[in-house]
Amino acid sequence: MRYDLVIFDNDGILVDSEPLANHVLAAYLTELGHPTTYEDSLRDYMGAAVHRVHDVILERTGRSLPPDFDETLHARTFAAFDRELEPIEGVTEVLEWLVTGGIPYCVASSGSHERIRVGHRRTGLDKWFEDDWIFSSEDVGKGKPAPDLFLHAARSMGVAPGRCVVIEDSPRGLQAAVAAKMDCYTLTTLTPRDRLTGSTGHFAEMKELPGLLA
């Protein structure tokens with residue numbers, strides 16, 4: 001194994017939440033008078049913390065989102081998770097491979113701690129992650145594409161950035177990994193390869209990942 005720590009993104013990498021969350025977000029923004037398609041939502045917000053939604057809408061329209069926007073969005077997203085969320089196909093096999101090999105890993109997500117844990121409980125992934133292996137953009141001043149979150153995760157896990165590898169699926173996550181001077185392998189399920197330039201390598205299915213990391 002060429003790395004001492006594997007840092008997973010959460011949404012789209014561990015749990016199949018990106019389609020659900022972005023459908024909910026697009027519908028809610030449209031309802032509020034900001035017409036947004038699912039494809040728009042993926043392009044503009046995938047991999048980002050919720051404050052980006054506020055920033056983009058304010059910049060584009062000069063209007064602020066309602067004070068209860070975050071609360072309502074989270075409630076609708078968690079309801080969708082409860083109905084439909086599944087783990088990414090093959091991810092439990094990858095986690096089992098890491099455990100068997102004694103390779104440390106963690107998750108570093110733009111989502112809130114609550115969102116991460118709700119998704120993990122719903123999909124059964126909670127048994128694979130200790131509480132102190134879970135890192136959120138809530139823990140740092142700047143979320144992705146800033147490197148702060150990945151550097152915080154590496155520091156907390158006691159591993160030098162150059163010995164870490166990040167597993168991502170969004171351009172913002174990839175930018176954060178590159179800024180942290182970490183290798184980054186990107187899943188191309190939702191983001192085309194041409195939007196993931198600078199990646200150490202690409203993979204289309206989770207079962208390919210051990211061969212890239214070994």
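Numbering of residues begins at 1 and proceeds along the displayed sequence.
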Nearest non-hydrogen partners of L196 and L187, listed with the distance | CD1-O, 4.1 Å
From H54 atom NE2 to R63 atom CZ, the distance as rounded to the nearest 0.5 Å = 14.0 Å
Linked, directly or transitively: L42 and V53 (ILVMFWY side chains, under 4.5 Å) | no
Identify the two heavy atoms, one from L149 and one from S110, that lie closest to each other, and give their separation to 0.1 Å.
-> CD2-N, 4.3 Å
Charged N-O contact under 4.0 Å between R60 and D55 = no
Show your working on ring-ring contact (aromatic ring centres under 6.0 Å, His included) between Y185 and H202 and close with a plain yes or no.
-> CA-CA 6 Å; Y185 289 91; H202 306 289; 9.0 Å; no
Separation between CD1 of I57 and CG of L32, rounded to the nearest 0.5 Å | 9.0 Å
Group every Ile, Leu, Val, Met, Phe, Trp and Tyr by side-chain heavy-atom contacts under 4.5 Å, then state whether L14 and L213 land in the same group.
-> yes
May I ask you to test the V159-Y3 pair for a side-chain heavy-atom distance under 4.5 Å?
-> no
Test side chain to side chain contact (heavy atoms under 4.5 Å, CB included) applied to F8 and V165, I88, L95, V166, the passing residue | L95
Are F135 and F150 close enough that their ring centres sit under 6.0 Å apart?
-> no
Closest non-hydrogen atom pair, A154 against C164 = CB-SG, 3.7 Å
Is a side-chain donor-acceptor pair under 3.5 Å present for N10 with H120?
-> yes
Does the side chain of S156 come within less than 4.5 Å of D139's, by heavy atoms?
-> no
Calculate, to the nearest 0.5 Å, the distance between atoms OG1 and CE belonging to T191 and M46 respectively.
-> 3.5 Å
Hphob cluster co-occupancy, I134 + I103, side-chain heavy atoms under 4.5 angstrom = yes
Would you kindly check if the NZ (Lys) or CZ (Arg) of R115 is within the cone defined by 45 degrees around the ring axis of F78 and under 6.0 Å from the six-membered ring centre?
-> no
Step by step, work out the salt bridge (charged side-chain N to carboxylate O under 4.0 Å, His left out) result for E168 and K144.
-> CA-CA 11 Å; E168 265 286 355; K144 306 169 189 177; 2.6 Å; yes
How long is the span from the CZ atom in R163 to the CE atom in M157, to the nearest 0.5 Å?
-> 14.5 Å
Any residue meeting side-chain hydrogen bond (donor to acceptor under 3.5 Å, both in side chains) with S41, in chain and number order, not counting sequence neighbours = N22
